[in-house]
Peer 1: 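Could you have a look at this structure, given as structure tokens, before my questions?
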Amino acid sequence: MRLLLIVVQSLVLAACSVAGGRRLLHIFQLESYQLPGYIKSVRRNAAPLLLPSVSIAAAGVAALSLGAPVWLCMILSAAVAAVYFLKARKAKAKKPFVVTERVKRLVMIHFVSAAVLEAALLGVSPTLGYLLPAFEGLLLMLAAILAAPVEKYIAGQFVKDAQKRLEAMPNLIKIGITGSYGKTSTKFLLRDILSVKYNVLATPSSFNTTMGVTRVIREQLTPAHQVFIAEMGARHVGDIKELVDLVHPQMGLITSVGPQHLDTFGSIERVRDTKYELIAGLPQNGTAIFARDGAICQELYARCPLENKYMPGMLMEASDMESGPWGTRFTLTDTKTGETAPCQTQLLGEHSISNLLLCCTAARTLGMTLSEIARGVARCQPVEHRLQLLNGGSGISIIDDAFNANPVGAKAALRVIKGFPGRRIIITPGMVELGGEEDTFNRAFGVQMAESVDVAILVGKRHTKPIAEGLIQAGFPQENIHIVSSLDESTKVLHSMMKSGDVVLYENDLPDNYSE
């Protein structure tokens, strides 16, 4: 009887641990199932993330200490776990939790390993067994470690299958795009331009990891496709090389190199060298295209040994640019022939035209004519949440730049809103994941903001303190600085002051694995 009771309790308490740790599992998924990133996120948000697990344990131990029967202890623990599980399910998320096959495998391993530990502890002391759910953060890590060999084998099989599919299409033009920022927008711009002449498949949204790209190849690539564009993201040294080894691109575009993910890279030099892994992996007859940034990209251009290497201005150039709320107009010139074509796009800001020129250059190297490229430019649309101009109604303009989270992009967004008429309002939590330089960048962001907006709504009282300091340092009126605790609160403040003719810039949004 005692053994049966231990088994039942171990199964119930293991289920409570798994259910109460749903937010932790979501964080693990957001961190691409990487333990170092998961640990950092949990440390940064320890109180809200660990509260469910501690509460489950506290309920069970309290009931046990008061002499409650075992069935009641289990019910109380399960009830608390259910409340937190349902709360986590209903919570709004920038990137929703997805129950993938990998998640199912991890949950099963997690449940079994937790149940085994529970049985062992309950055999020693009931109190120890009911305390175990409090350590859910560690239990999930244990499950991830146990699952790692299985996941590595499965991932390897998927990658091999994707490589075979690519090898079966020897005429497929494969293009890799990377950069600290701008790579997703550039990918879609290039897709739209090349689609005038080719049947193009580009990885969707921000699918830029090895397994994300693998999935696209296996599920979406068909023999009818002529061009495959793969966005290549990186949070660690070697990530780009892994993607290059998968895709084997003949062309590589580097959109930018800057202070992004410094919390994992550690230095801008490591970011630079990781982005260059794309160029280093190109064949000798490959084509490399670099942004003309007057800095690191031009340094990488000089380092590149390939004969076919270009920057904007070498094949295609843009002149006579006019930007405004309606978009951007410019003249596109083929620098080799002198031929010109008028272009207009809904893209906002001169920096968007810089990305567009990268794509025009790539299209020209692939044999597209100037008129074909100009038709492609007309097709280009702003990418969702990246300087996307929206009609807010009642004469109000909204610039949605919520997915931007880097100093260069933020500065460009400020230049865009500065060109709009009317009162200019910014809503921002500032920038994250910039390591030890984060406060410095946010303070500079505040100084730059003072020259471009009239009202600043800052989300996050502690995290935005450097931004407020920069604003005040630049002479920005303190009464026009509003510091709030959440995006919902910022919306209430905005609605209390908004009037016709205003333009509102949403600049960055805190990721789901970040909170104060």
Side-chain angles (χ1 to χ4, degrees), residues 31-37 148 151-167 169 172-184 186-187 190 202-203 206-218 221 227-291 296-297 299-309 358 362 433 435:
E31 290 293 344
S32 301
Y33 306 101
Q34 299 295 314
L35 285 176
E151 296 305 328
K152 184 176 181 180
Y153 173 78
I154 293 173
Q157 296 303 112
F158 286 152
V159 168
K160 287 179 182 178
D161 181 61
Q163 288 173 328
K164 287 179 181 179
R165 291 170 187 263
L166 290 174
E167 290 168 2
M169 301 176 64
L172 181 69
I173 299 169
K174 294 168 291 185
I175 302 172
I177 297 179
T178 193
S180 298
Y181 22 83
K183 53 185 175 292
T184 301
T186 302
K187 171 183 64 181
L190 182 58
T203 52
S206 294
F207 274 57
N208 58 22
T209 64
T210 297
M211 294 316 298
V213 175
T214 294
R215 180 179 172 185
V216 174
I217 294 169
R218 297 180 69 245
L221 186 65
V227 178
F228 176 57
I229 305 173
E231 178 182 339
M232 298 183 174
R235 295 177 68 90
H236 304 88
V237 173
D239 284 353
I240 300 295
K241 183 181 184 303
E242 188 174 285
L243 281 157
V244 170
D245 290 341
L246 165 64
V247 177
H248 294 293
Q250 301 104 319
M251 177 184 290
L253 281 69
I254 296 186
T255 64
S256 56
V257 177
Q260 186 78 323
H261 299 310
L262 289 182
D263 56 334
T264 53
F265 279 111
S267 71
I268 191 67
E269 290 76 21
R270 298 183 78 188
V271 176
R272 174 199 64 199
D273 293 341
T274 300
K275 299 305 178 185
Y276 191 75
E277 289 171 2
L278 170 57
I279 307 303
L282 295 175
Q284 287 190 344
N285 63 347
T287 301
I289 303 174
F290 303 81
I296 296 176
C297 283
E299 174 192 330
L300 296 182
Y301 170 84
R303 186 199 297 187
C304 176
L306 300 179
E307 181 178 344
N308 299 320
K309 60 177 182 177
L358 285 176
E433 298 181 340

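For this chain, numbers begin at 1 and follow the sequence in order. Since we're looking at a predicted model, the values are computed, not measured. The basis for the numbers below is simple: all heavy atoms, side chains too, and nothing from hydrogens, waters or symmetry mates.
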Peer 1: Say whether, by atom type as modelled, one donor and one acceptor occur between the side chain of Lys174 and the main chain of Phe228 under 3.5 angstrom.
Peer 2: no
Peer 1: Relative to Phe207, does Arg215 satisfy both conditions: NZ or CZ under 6.0 angstrom from the six-membered ring centre, and within 45 degrees of the ring's axis?
Peer 2: no
Peer 1: With sequence neighbours excluded, what pairs up with Glu151 under the side-chain hydrogen bond (donor to acceptor under 3.5 Å, both in side chains) test?
Peer 2: Arg105
Peer 1: Within this structure, what is the CZ-CG distance for the pair Phe290 and Leu253, rounded to the nearest 0.5 Å?
Peer 2: 9.5 Å
Peer 1: Could you walk me through whether Lys187 and Asn208 pass the side-chain contact (heavy atoms from CB on, under 4.5 Å) test, one step at a time?
Peer 2: CA-CA 11 Å; Lys187 171 183 64 181; Asn208 58 22; over 6 Å; no
Peer 1: Nearest 0.5 Å please: distance from the CD atom of Gln250 over to the CG atom of Asn308.
Peer 2: 12.5 Å
Peer 1: Only one of Thr186, Thr178, Thr203, Thr184 forms a side chain to side chain donor-acceptor pair (under 3.5 Å) with Glu231, so which one is it?
Peer 2: Thr184
Peer 1: What are the two closest heavy atoms between Gly179 and Lys275, and how far apart are they?
Peer 2: O-NZ, 3.3 Å
Peer 1: Please give me the minimum heavy-atom distance between Ala230 and Val213, naming the atom from each residue.
Peer 2: CB-CG1, 4.3 Å
Peer 1: So which atom in Met232 and which in Gly176 form the shortest heavy-atom distance, rounded to 0.1 Å?
Peer 2: CE-CA, 4.0 Å
Peer 1: For residues 240-249, which side-chain donor-acceptor pairs fall under 3.5 Å, sequence neighbours excluded?
Peer 2:
residue	atom	partner	partner atom	Å
Lys241	NZ	Asp245	OD2	3.0
Glu242	OE2	Thr210	OG1	2.6
His248	NE2	Asp245	O	2.9

Peer 1: Looking at every non-hydrogen atom in both residues, tell me the closest pair between Tyr181 and Ser256 and how far apart they are.
Peer 2: O-OG, 2.6 Å
Peer 1: When you look at Leu300 and Ile279, which way does the side-chain contact (heavy atoms from CB on, under 4.5 Å) test go after all the steps?
Peer 2: CA-CA 9 Å; Leu300 296 182; Ile279 307 303; over 6 Å; no
Peer 1: Where do Pro283 and Leu306 come nearest, in terms of heavy atoms and distance?
Peer 2: O-CD2, 3.5 Å
Peer 1: Pair Glu299, Arg272 - check side-chain contact (heavy atoms from CB on, under 4.5 Å), show working.
Peer 2: CA-CA 10 Å; Glu299 174 192 330; Arg272 174 199 64 199; 3.4 Å; yes
Peer 1: Report yes if the side chains of Asp239 and Glu277 come closer than 4.5 Å at any heavy-atom pair, otherwise no.
Peer 2: no
Peer 1: Between OG1 of Thr214 and NZ of Lys160, what distance do you get to the nearest 0.5 Å?
Peer 2: 13.0 Å
Peer 1: With Leu358, which of Leu190, Ile177, Ile289, Ile254 fulfils side-chain contact (heavy atoms from CB on, under 4.5 Å)?
Peer 2: Ile289
Peer 1: Which heavy atom of Tyr301 sits nearest to which heavy atom of Lys309, and what is that distance?
Peer 2: O-NZ, 2.9 Å
Peer 1: Can you tell me how far apart CG (Leu282) and OG1 (Thr287) are? Round to the nearest 0.5 Å.
Peer 2: 8.0 Å
Peer 1: Tell me, do Asn285 and Glu307 make a side-chain contact under 4.5 Å, heavy atoms counted?
Peer 2: no
Peer 1: If you count every heavy atom of other residues, nucleotides or ligands that lies below 6.0 Å from Gln284 atom CD, does the total exceed 12?
Peer 2: no
Peer 1: Just to verify, what does Asp161 make a salt bridge (charged side-chain N to carboxylate O under 4.0 Å, His left out) with, not counting sequence neighbours?
Peer 2: Arg165, Arg218
